[in-house]
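Single-structure report; data block below.
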Amino acid sequence: MPAASPAEHRTVLLRGGEVHSPADPFATAMVVERGHVAWVGSEGAADAFASGVDEVVDLEGALVTPAFVDAHVHTTATGFALTGLDLSSAVSLADAAEMIRAHAAARPEDRILVGHGWDASRWPERRPLTRTELDELAGGRPLYLTRIDVHSAVVTTALLDLVPGVRDLDGFHDGERPLTGDAHHAVRAAAFGAVSARQRTEAQRAARSRAASLGIGTLHECGGPQISSEEDFTGLLDLAREEAGPRVVGYWADLDVERARALGALGAAGDLFADGSLGSHTACLHEPYADTTHTGAAHLDATAVALHVVACTEAGLQAGFHAIGDAAVTAVVEGVRAAAEKLGLARIRAARHRVEHVEMLTPETIAAFAELGLTASVQPAFDAFWGGDEGMYADRLGVERARTLNPYAALLRAGVPLAFGSDSPVTPLDPWGTVRAAAFHRTPEHRISVRAAFTAHTRGGWRAVGRDDAGTLVPGAPADYALWRTEELVVQAPDDRVARWSTDPRSGTPGLPDLSPGADLPVCLRTVVHGQTVFVRPNE
């Protein structure tokens with residue numbers, strides 16, 4: 001399969017495959033012109049275009065779909081996990097320690113060591129590494145290691161010494177427990193401030209390259225003053241404009257609306273924290289955790305939410321919040337409703353404000369999301385990683401409460417717009433795995449169809465940024481697409497979310513790969529963004 005030219009003005013005919021398009025459920029060919037889809041149709045009709053195009057691509061039976069949109073990513077941190085110290089595969093305390101020791105030995109020139117992904121809840125020891133242990137493993141150098149949810153971190157003494165006053169901040173703990181809250185934010189700023197511009201750019205390139213290799217055409221970058229830095233955020237947006245690769249839509253999580261606008265953000269949104277995470281016991285709950293005595297931490301109340309939503313709406317920007325616990329979700333809903341009472345419901349709905357994660361929902365808050373036009377930006381891999389009666393959610397909340405988490409079917413039934421993402425590096429960039437996780441949710445009543453999940457991970461991401469004309473392969477849509485090597489396509493029966501499949505060509509519904517557990521996920525062969533090829537898999 002030859003590589004396409006990167007020139008957006010070229011006209012390209014793709015033929016001899018399967019094109020996933022609602023415009024023609026039986027399409028086997030597609031024409032791309034000036035960065036947009038110009039035509040989709042049958043192999044026979046494609047002959048009429050063959051003499052007038054700049055290039056003909058023989059699909060050799062490949063599947064063509066819209067490129068995925070990952071609606072929640074931390075790009076630089078993802079790059080550091082790809083190029084640096086990734087502890088997500090560690091199976092024990094000793095395994096993690098050996099990985100840290102080996103990384104430190106391999107990077108003697110690095111002034112600071114950065115890593116991610118440890119999850120003590122999955123280790124037999126059920127505890128993180130202590131500061132004393134880390135000091136020895138890092139050889140006295142500054143070391144910053146985020147828990148898999150990125151809401152807490154373990155660090156070395158040398159890193160603490162770079163942050164005056166950190167021991168007096170909320171969330172500072174002795175060497176036996178991770179840092180949380182303000183102490184964690186201060187240490188994170190110091191850690192990433194010590195990373196060179198060259199290291200940041202290398203990490204951003206690595207993350208965009210990985211995304212492209214997985215058929216992802218757009219990333220929603222969730223930055224903010226408590227997450228990264230202004231230099232990191234604007235540097236990434238500049239890089240995406242200057243170099244080929246997945247496009248980047250930027251969200252800056254700041255109550256300062258004008259600052260978000262000045263930085264080039266689409267919204268003062270993303271990880272604007274209403275609370276923390278379940279894994280770190282910092283998500284804000286109505287009732288105490290099952291494995292401790294408190295209810296987590298609230299960072300924004302309904303009044304603060306309302307003021308921010310009003311300010312964003314009047315400024316023509318999206319507002320958005322990170323809310324995981326049921327008390328945090330309630331505060332966001334009450335705040336958005338108060339903003340609607342001030343500005344009018346139509347203006348609030350038209351602004352398409354969004355909420356990230358929203359794991360603990362009730363029928364009442366789901367109905368409020370539908371009423372207020374809020375987009376639920378969610379991560380199905382969270383359930384795959386931590387759901388089930390034996391998972392971390394059950395540890396934190398008890399089995400019954402854990403079974404209520406991430407109710408995607410109820411959200412869809414209520415008409416709540418869904419946009420799927422990874423929160424990478426919290427969970428990996430893995431779009432087909434994400435679709436599978438939603439279709440085979442650990443709690444059966446929360447499962448949705450593969451088709452609905454695929455839509456949430458393609459068109460849903462575009463709708464979340466206010467674009468209704470993209471994320472699908474129809475004439476006039478942006479030519480963001482991916483080519484896949486996959487097995488036989490199947491069509492889910494409309495009355496059964498996961499169990500009944502059909503290969504009957506009379507269905508009139510575009511097919512998708514079989515994503516049932518045990519089936520091989522599709523392999524990306526090529527990714528194209530606005531008509532420009534950004535990834536081609538080498539010949540195998």
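The side-chain contact (heavy atoms from CB on, under 4.5 Å) test applied to Arg459 returns Thr455, Arg463, not counting sequence neighbours. Applying the side-chain hydrogen bond (donor to acceptor under 3.5 Å, both in side chains) rule to Tyr251 yields the partners Gln318, Arg354; only residues at least two apart in sequence or on another chain are considered. In this view, Glu287 and Arg401 satisfy the side-chain contact (heavy atoms from CB on, under 4.5 Å) rule, not counting sequence neighbours. Legend: residues meeting side-chain hydrogen bond (donor to acceptor under 3.5 Å, both in side chains) with Glu258, ordered by chain and number and at least two apart, are Arg261. Remark: Tyr289 engages His281, His294 in a ring-ring contact (aromatic ring centres under 6.0 Å, His included) (not counting sequence neighbours). With sequence neighbours left out, the side-chain contact (heavy atoms from CB on, under 4.5 Å) criterion links Thr365 to Val329, Thr330, Val333, Leu361, Thr362. When the side-chain hydrogen bond (donor to acceptor under 3.5 Å, both in side chains) test is applied to Ser424, the partners found at least two apart in sequence or on another chain are Thr78. For Phe321, the ring-ring contact (aromatic ring centres under 6.0 Å, His included) partners two or more places apart in sequence, or in a different chain, are His308. His357 is linked by a ring-ring contact (aromatic ring centres under 6.0 Å, His included) to His72, His322, Phe382, counting only residues two or more places apart in sequence or in another chain. Applying the ring-ring contact (aromatic ring centres under 6.0 Å, His included) criterion to Phe454, with sequence neighbours excluded, gives His20, Phe68, Trp432.
Of all the heavy atoms in Leu87 and Ala96, the pair that sits closest is CD2-O, 4.0 Å.
By the 6.0 Å contact criterion, CG on Asp389 is enclosed, its count of non-hydrogen atoms from other residues, nucleotides or ligands being greater than 12. Surrounding CD of Glu487 are at most 12 heavy atoms belonging to other residues, nucleotides or ligands under 6.0 Å away.
A donor-acceptor contact shorter than 3.5 Å is absent between the side chain of Glu221 and the backbone of Leu236.
Side chains of Gln379 and Asp423: a donor-acceptor N/O pair is absent below 3.5 angstrom, by distance only. Between the side chains of Asp119 and Trp386, at least one donor N or O lies within less than 3.5 Å of an accepting N or O.
Note that CG of Leu307 is 9.0 Å distant from CG of Leu255, once rounded to the nearest 0.5 Å. For the atom pair CG of Leu219 and NE2 of His74, the computed distance is 12.0 Å after rounding to the nearest 0.5 Å. Separating the CG atom in Leu278 from the NE2 atom in His151 is a distance of 9.5 Å, to the nearest 0.5 Å. With rounding to the nearest 0.5 angstrom, the CG atom of Leu285 is 11.0 Å from the CZ atom of Arg396. In this structure, the separation between NE2 on His116 and OG1 on Thr146 is 5.0 Å, given to the nearest 0.5 Å.
Across His446, His441, His457, a single residue satisfies ring pair (Phe, Tyr, Trp, His ring centres under 6.0 Å) together with Tyr408, and that is His441.
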Could you walk me through whether Gln204 and Thr75 pass side-chain hydrogen bond (donor to acceptor under 3.5 Å, both in side chains), step by step? CA-CA 6 Å; Gln204 291 166 354; Thr75 306; over 6 Å; no
Using the salt bridge (Lys or Arg N to Asp or Glu O under 4.0 Å) rule, take Asp383 and Arg447 through it: C-alpha gap first, then chi angles, then the decisive distance, then the call. CA-CA 11 Å; Asp383 176 73; Arg447 294 173 180 172; over 6 Å; no
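The salt bridge (charged side-chain N to carboxylate O under 4.0 Å, His left out) contacts involving residues 424-436 comprise nothing, where partners must be two or more places apart or lie in separate chains. Note on residues 331-354: no pairs pass ring-ring contact (aromatic ring centres under 6.0 Å, His included), not counting sequence neighbours.
A salt bridge does not link Glu445 to Arg403: none of the charged side-chain nitrogens sits closer than 4.0 Å to a carboxylate oxygen. A salt bridge is absent between Glu176 and Arg127: the closest approach of a Lys/Arg side-chain nitrogen to an acidic carboxylate oxygen does not fall below 4.0 angstrom.
Side-chain atoms of Val355 and Thr375, non-hydrogen and from C-beta on, never get closer than 4.5 Å to each other. Side-chain contact between Val358 and Ile324 is absent, with no heavy atoms from C-beta onward closer than 4.5 Å.
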